[in-house]
Enquirer: 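Okay, here's the structure, questions in a sec.
Note on naming: letters A, B, ... go to the chains in the order of the sequence lines (proteins, then strands), and numbering restarts at 1 for each one.
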Amino acid sequence: MTSMFRPAPLALTITALLTAGCANTPWSAESPSPATKASVVSHYADLAHANYQDALITARALDEATDRLIANPTEANLRAAKDAWLAARVPYQQTEVFRFGNAIVDDWEGQLNAWPLDEGLIDYVKADDYQHELGNGGATANIIANTSVNVGGETLDVTTLTPGLLADLNEIGGSEANVATGYHAVEFLLWGQDLNGFEHGAGERPVTDYAVGAECTNGNCERRGEYLDAVTDLLVSDLDWMVAQWAPGATDNYRAQLTAADANEGVQKMLFGMGSLSLGELAGERMKVALEANSYEDEHDCFSDNTHNSHYYNGKGIQNVYTGTYRRVDGSLVSGPSLSDLVQQTDPELDARLNRQLETSMEALGLMKARAESSSNPMTFDTMIAPGNAEGSRIVNGAIMALVAQTGSIEEAARDLGIEALSPDDAGHAF
Amino acid sequence: MQPITRFLCISTLAATSSLTLASTADTEARQQWHEAIAGGYQALTVETRELSDAARNYCQAPTEKSRTLVESAWLDAFVAWQRVRFVDFGPIETDNLAWQFQFWPDPKNLVARKAGYLLDNDSTITPSVIRESGVAVQGFPMMEYLLFDQEMNTGNNSLPAPHTCELLTNVALHAATNSQTLTDQWSAFKAHYIENELYRDTTIRAGMAALEILEERRLARPMGLSGNGKRNPYITDAWRSGKSLATVEATVIGLQQLYLPGLTLLLESKEETGLANRIRNQFAEVQDNFPGARMPMTAALEADDQYRTLQGLYVDISQLTSLVNDEAAVAIGVVRGFNSSDGD
């Protein structure tokens, strides 16, 4: 970890947790009319809209901070750009719960949040400490150092780095590890390769990688700045597009489509998003694989060592959807009819249990976050998964177990709400 | 995972199970499954013990013959594992035994990285080093890497280098010990398994998940039929030894011998004899692709006529998956919940 990352004091973290806890008062407790599936789906779209708006607001701030860094590469501007990146991750990671279930998000998100990446596609890497995806011809293409790249027989002119070109380069050669765009590309351009393995410490890219003239380190500083400029511009325009998809009042966007469809379909998407992120993705891919294989290559925010926050806010997103609440980056609270209200109507015991389990998961992920950000002897996720780290393993396992437990109740909630085969893909299935 | 598969996942999430349970048939099915799986685990124990012996013999007296023997012992043991691989519940869940046997997929080549780390370090590789080194070190893929990887076999550490031999023999021993533990625990698990009616659906779901993984992850993705649309042999099992498709065959045989009898028993108890027969026939259809399809995945993806053979296998497996996961599951009333392969 670098000095740019200022750990929050433990007390502050606990306060944040308690504040977040307050947001879970069911909307129905204050509202006269009971929640319906239609009102819950409509409010889900409100949540998504607010959440993507926040992702856009913070991405714009990141774009401005990186522009300042490129124009004036000082330590202070590099630190400010990193802080802006970290702040941008807070809302974005909460949106990931919208990804599974809503194909429009899933088809789009690869350009924003694909990982793990073979960073040698983008810029220089230290060859003897770089393990890339097997069979990936683009793993060492180094777009910044070249004006044309050849991946798997495909030659591309990369003389002028524009947002559109980077979008075309993403997943070039068909490899998901060829991530040319999105948060993790920006992260790599700000932090650089993390060469510390299981040891404490994030990437340590010198600010002189953006210096003009003789001070430039590692070559191609101007190109590197152009890349960073283009990739942050693309991030903003991508998020702008997604905000519009969830905006109310339009007749031709995704929200209009979702709210016009059978409300059961929307409820199914909500629950499916929660369950898939909770079990297969967060507990499985992002934590269990990394832990059991002691693989820091499977660390989500590997350059910045911000993985604990990515996990924490993923968990928060799941809780948001169930409780129908979202704490915006400006501190205001969005709340409305929720799945929790619906389940409470039919099975109050299940609702109470699931709410409790979501809280337990947040506490477990909160412990991971607090431990990583602790001012004394912090332990980041890549250290937690190191071989023989009993404490780290206990913390990660605690979060995995809590997520597994809540997923069981999410399945029950789906049954409770009568969610059956509804998707067009199930035509012909005799349910 | 593709959106379509995702929706399929939830589609079965909340279907209600049938009202009357043929509890006698259920118990019989569980007895059938328990015994069959016990046989599978026993075979795995025997084969891994032989592999451990063969590795030790080779490292004590490295000859062309002892090398051939350890390579074929590796394949026999891996095939035995593939036959029981569908069992994702019970003792195999303890200490992530399944991942210890086979850490897969490994897109970042963690196996090579871990091997490099252990081999470049001078300290002795003991059983406790293996126990503490994580799942990428502990199983069949690591042994396959040491025995079959081209780069490994031409480098300074290639077998029978003493340090590499230490790694190979200790990983083999680890797998043999784990197999014995698994066999013992499965036996101790018997009463609980047979008495607990929830294990009916758990067992059926295990086969469903195995078929889904077989169709989607072990065939469609490397074939470029899903995912990013590019053919890629490296995401299959056992690509280093060229045995990817032989392991597919082993998984199918395992399902046929250890899973199918209990499943058809249940279907027949529900007067679904026609469906039971169609599933039996479809297993035979799949098997008719072998030994023709028993080729390295790299070869199958490169040459057109071999690719056609692979396509034939894929179509047969898809049909089998659909018969079991859609028709049989519905007939028996099994609900598919979230599983670990949801996500991407």
Enquirer: Quick check on Val404(A) against chain B: is it the side chain, the backbone, both or neither that has a heavy atom closer than 4.5 Å?
Expert: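 Neither part; nothing is under 4.5 Å.
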Enquirer: Taking side chain to side chain contact (heavy atoms under 4.5 Å, CB included) as the test, write out the residues that go with Ser133(B), two or more places apart.
Expert: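 Expected list: Leu118(B), Val129(B), Val137(B).
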Enquirer: Check whether any side-chain N or O of Lys114(B) sits under 3.5 Å from a backbone N or O of Ser295(A) as a donor-acceptor pair, and report yes or no.
Expert: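 Judged by distance alone, no pair lies under 3.5 Å.
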Enquirer: May I ask you to check whether over 12 heavy atoms, not counting those of Tyr307(B), lie within 6.0 Å of atom OH?
Expert: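 Counting other residues, nucleotides and ligands, OH of Tyr307(B) exceeds 12 neighbours.
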Enquirer: Any idea which heavy atoms bring Asn294(A) and Gly134(B) closest together, and the distance?
Expert: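 Minimum heavy-atom contact is OD1-CA, 3.2 Å.
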Enquirer: Does Phe89(B) CZ have over 12 foreign heavy atoms under 6.0 Å away?
Expert: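 Enclosed.
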Enquirer: Mark yes when over 12 heavy atoms from residues, nucleotides or ligands other than Asp95(B) sit less than 6.0 Å from its CG; otherwise mark no.
Expert: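 No, not enclosed.
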Enquirer: Measuring only between side-chain heavy atoms, which start at C-beta, is Trp99(B) closer than 4.5 Å to Lys288(A)?
Expert: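 Sidechains of Lys288(A) and Trp99(B): in contact.
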Enquirer: Does CG in Asn156(B) sit with more than 12 non-hydrogen atoms of other residues, nucleotides or ligands closer than 6.0 Å?
Expert: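 Atom CG in Asn156(B) is not crowded, with 12 or fewer foreign heavy atoms closer than 6.0 Å.
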Enquirer: Does any heavy atom of chain A fall under 4.5 Å from the side chain of Asn109(B), the backbone, both, or neither of them?
Expert: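 Contact with chain A is through both the backbone and side chain of Asn109(B).
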